[in-house]
Structure formats: structure tokens, C-alpha cells
*Asks:* 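Below you will find the structure I want to go over with you.
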Protein chains: 2
Amino acid sequence: MDATRRTARRSTRQQRLVFEAVSTTRSHPTAEWVYEAVRRELPRVSLGTIYRNLQRLVEEGRLRSFERAGLTRYDADLELHDHFSCVRCGLLMDIPRAPEVLPAERRLRARGFAVEGRTLEFHGLCRKCRRGASSNG
Amino acid sequence: MDATRRTARRSTRQQRLVFEAVSTTRSHPTAEWVYEAVRRELPRVSLGTIYRNLQRLVEEGRLRSFERAGLTRYDADLELHDHFSCVRCGLLMDIPRAPEVLPAERRLRARGFAVEGRTLEFHGLCRKCRRGASSNG
DNA sequence: ATCAATAATAGGAATCCTTACTGATATGGA
DNA sequence: TCCATATCAGTAAGGATTCCTATTATTGAT
Ligand SMILES: [Mn+2]
Ligand SMILES: [Mn+2]
Ligand SMILES: [Zn+2]
Ligand SMILES: [Zn+2]
């Protein structure tokens with residue numbers, strides 16, 4: 001049976017390298033960053049291929065994506081988690097998400113909204129930047 | 001004294017109309033939306049003027065801005081508040097922010113981070129879309 | 001190994017939002 | 001009036017992403 005599915009899912013070298021580039025960093029990289037990383041292994045790769053595979057991996061649920069400062073960034077960590085970003089150095093750090101339900105979410109549900117998820121990001125100064133904050137400009 | 005400040009701050013008709021367009025809606029409009037709104041009063045206004053004044057108003061702290069789906073959106077509500085967005089109809093709704101401190105923020109401070117603020121957005125189905133969710137595609 | 005069918009690629013053009021530039025115009029003070 | 005300066009309209013330029021097309025790679029079957 002199942003004669004309809006003639007072709008199996010491909011996994012090209014390009015796609016594997018794109019996924020690997022994103023999944024081996026915690027820096028929430030941009031397409032350009034992934035491009036440079038993949039190029040080191042596959043110098044002839046094209047930027048279009050990077051975008052195409054990133055988008056495919058997001059559709060397949062193997063990566064998350066979000067925007068920041070006009071750029072799309074990618075994250076291979078599929079666990080629900082929140083973020084902290086440093087307004088000085090640009091660090092974008094993961095924060096584990098505790099199972100607690102936020103009061104605001106309870107209020108939304110009580111009003112009849114179906115809450116499926118959330119995005120939570122704190123911003124401020126990381127430890128390193130905090131130390132130099134008073135002396136430097 | 002204060003002879004250095006020779007020219008007073010101008011407030012042009014264009015700037016007033018840009019601010020009015022943003023501040024009289026709760027839809028978190030885009031630059032294009034503001035452009036169309038201002039054009040109804042001032043048909044010869046240019047898109048560059050819209051962008052320039054939006055950017056100026058944000059710098060002056062009279063508007064907030066943030067990105068969503070590749071577009072910059074503007075908000076005249078300076079009160080700290082959170083958002084709910086409907087994944088089906090695109091509604092982006094304000095949620096008043098209660099004074100409670102989130103546990104995740106306490107944990108960050110305990111680890112030495114200086115938390116200055118946060119962005120919190122829930123997503124799911126609004127009441128209207130929830131009703132039609134099961135029957136419609 | 002060869003073949004046909006199909007999926008993915010490289011390279012570049014096109015698109016979309018936003019910013020930067022330029023010459024014209026308006027404003028307010030000396 | 002005359003000058004300095006701010007803002008304007010219009011348009012060019014920029015940057016990130018998507019789209020397009022001919023080419024190449026992969027698969028399954030002969
Ligand atoms: Mn993350
Ligand atoms: Mn708002
Ligand atoms: Zn920092
Ligand atoms: Zn809705």
C-alpha cells in the first residue's frame with residue numbers, strides 16, 4: 001500500500017548544515033549569521049537556500065523564529081522559555097519558564113479569550129554591563 | 001541667559017496630524033495607515049514626512065513603537081501595558097498591567113541583572129474568533 | 001548503470017519597508 | 001527686510017527577504 005508516496009523526505013547537506021548552525025549556538029542568530037556559518041563548510045551555498053531552509057525548518061516545527069530590530073532571528077530551543085535582552089550590549093539570553101500561570105492570563109481566560117501561548121521578554125542591563133554602567137557613557 | 005536656544009520648538013501641522021492619527025486609534029497603526037489618515041486632511045503630505053515625524057515623536061517619548069510581522073507599529077498609550085493578539089483575525093488588544101512583580105523578574109534581579117522593563121504578549125483566539133473556530137476552517 | 005520524475009539548488013532580479021538626500025518653502029528673530 | 005534654521009515634498013538609496021528560472025542532485029524503478 002501507500003503507493004502514492006513515491007518520494008521520501010529529502011534531507012540535503014544544505015538543510016542539515018542550516019539546522020546545525022542554529023542548533024549549536026544560543027545567540028538566536030540571524031539569516032546572515034547562518035549564511036556565514038554554513039559557508040565555511042559549503043562555500044558555494046546561496047543566501048536564498050539559507051532563507052528557504054530556515055523557513056522550511058520553522059514550518060516543520062524544528063526551529064522557532066521571531067523578529068527583533070528589523071531582523072528575523074532563529075532559535076532551535078523548542079522548550080517554552082522567556083528572554084532577557086541587554087539594552088547596552090545586545091545580549092539576548094534565555095530564561096527558563098516556570099510552570100506558574102500569570103494573573104494576566106487568568107484574567108484573559110475569565111473574559112472568554114483562548115490563550116494559547118505568550119511572549120515575555122525583560123530588558124535592562126546584564127551583569128557585565130551593569131558594572132560598567134556608572135563609569136562609562 | 002539661555003541665549004543659546006534661539007529657536008523655539010516648532011510644531012508643524014504635519015507633526016500634529018501624525019500624532020493625532022496615532023493617538024485617536026487603539027489599533028497600533030503602521031506608518032502606511034498613518035499616511036492614509038493624514039492624507040485625508042493634508043493630501044500633499046509625503047510618506048517621508050510621516051516616517052520622520054513618527055520617529056521624532058518616538059524620540060521625544062510621545063509615542064512608543066514596536067515591530068510585528070515585519071512592520072513597525074505605533075502606540076500613543078504610554079501607560080505600561082501588555083497585549084493580546086488574535087492569531088486568527090490579527091487583533092492586537094491592550095491589557096492593563098497589574099503592579100505585581102513577576103517571579104521571573106525577581107529571579108533575574110537575584111542573579112544580578114538590572115531589569116528596567118518588559119514586553120509581554122499573549123496570543124490565542126479572541127472571543128469572536130473563538131466562537132467561529134470549530135465550525136469554520 | 002541508466003532513466004525519468006521530482007525536489008532542491010545557485011544566482012540574481014524583484015519587492016517591500018524604511019531611511020537618506022536635495023532643493024524648495026516656511027518661520028521667527030534681528 | 002534679511003538671515004538663519006527647521007521642516008517640507010519628492011525621490012533616490014538602502015537593507016532584508018522573497019521570488020524566479022535554469023541547472024543540478026536525489027530517488028525509485030527498470
Ligand atoms: Mn531563546
Ligand atoms: Mn498598546
Ligand atoms: Zn550587556
Ligand atoms: Zn480574532
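In what follows, every chain begins at residue 1, and chains take the letters A, B, ... in the order their sequences are listed. It should be emphasised that the depicted structure is a prediction, and the values quoted were computed from it without experimental measurement. For the numbers below, each heavy atom of this structure counts, side chains included, while hydrogens, waters and symmetry mates do not.
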*Asks:* Using a strict 4.0 Å threshold on nitrogen-to-oxygen distance, state whether R97(A) and E79(A) make a salt bridge.
*Replies:*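 A salt bridge is absent here (no side-chain N lies under 4.0 Å from a carboxylate O).
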*Asks:* When we call it a touch if two heavy atoms are under 4.0 Å apart, what does T72(A) touch: a base, just sugar-phosphate, or nothing?
*Replies:*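 Sugar-phosphate: the residue T72(A), judged by heavy atoms under 4.0 Å, touches backbone atoms but no base.
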*Asks:* Is the shortest side-chain N to carboxylate O distance from E20(B) to R16(B) below 4.0 Å?
*Replies:*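 R16(B) and E20(B): not salt-bridged.
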*Asks:* Can you check the R68(B) CZ to dC17(C) C1' distance for me, whole Å?
*Replies:*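 Taking atom C1' of dC17(C) as the reference, CZ of R68(B) is at 17 Å.
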*Asks:* Rounded to the nearest Å, what distance is computed from the CG atom of residue L71(B) to the P atom of nucleotide dA16(D)?
*Replies:* 17 Å
*Asks:* Any residue in residues 43-59 of chain B with a heavy atom nearer than 4.0 angstrom to DNA chain C? Just list them by number, or reply none.
*Replies:*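 By residue number: Y51(B), Q55(B).
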*Asks:* Whole Å only: how far is the CZ atom of R39(A) from the P atom of dA10(C)?
*Replies:* 12 Å
*Asks:* Looking only at side-chain N and O atoms, does T12(A) come under 4.0 Å of OP1 or OP2 in dT9(C)?
*Replies:*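 Indeed, a polar side-chain atom of T12(A) lies that close.
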*Asks:* Please report, rounded to the nearest Å, how far the C1' atom of dT17(D) is from the CZ atom of F66(A).
*Replies:* 17 Å
*Asks:* Should Q14(B) be listed as having a side-chain N or O under 4.0 Å from OP1 or OP2 of dA9(D)?
*Replies:* yes
*Asks:* Looking only at the aromatic ring of each residue, does the gap between the centers of H123(B) and H83(B) stay below 6.0 angstrom?
*Replies:* no
*Asks:* Expressed as a whole number of angstroms, how long is the span from L17(B):CG to dA9(D):P?
*Replies:* 11 Å
*Asks:* In whole Å, I'd like the distance from the CD atom of E67(B) to the C1' atom of dA16(D).
*Replies:*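 After rounding, the gap between these two atoms is 12 Å.
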*Asks:* Ion pair present between R39(A) and E36(A), side-chain N to carboxylate O less than 4.0 angstrom?
*Replies:* yes
*Asks:* Does NZ or CZ of R130(A) fall inside the cone over F113(B)'s six-membered ring, less than 6.0 Å from its centre and within 45° of the axis?
*Replies:*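 Not satisfied by the 6.0 Å and 45° rule.
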*Asks:* Using whole Å, what does the distance between atom C1' of nucleotide dT9(C) and atom OH of Y35(A) come to?
*Replies:*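 Answer to the nearest Å: 13 Å.
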*Asks:* Do R64(A) and Y74(A) form a cation-pi contact, if we require the NZ or CZ to be under 6.0 Å from the six-membered ring centre and within 45 degrees of the ring's axis?
*Replies:*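 No - R64(A) does not lie over the ring of Y74(A) by the 6.0 Å and 45° rule.
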*Asks:* Regarding D77(A) and R26(A), does a basic nitrogen lie under 4.0 Å from an acidic carboxylate oxygen?
*Replies:*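 Salt bridge absent between D77(A) and R26(A).
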*Asks:* Rounded to whole angstroms, how far apart are CD on Q15(A) and C1' on dT9(C)?
*Replies:*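 Distance, rounded to whole Å: 13 Å.
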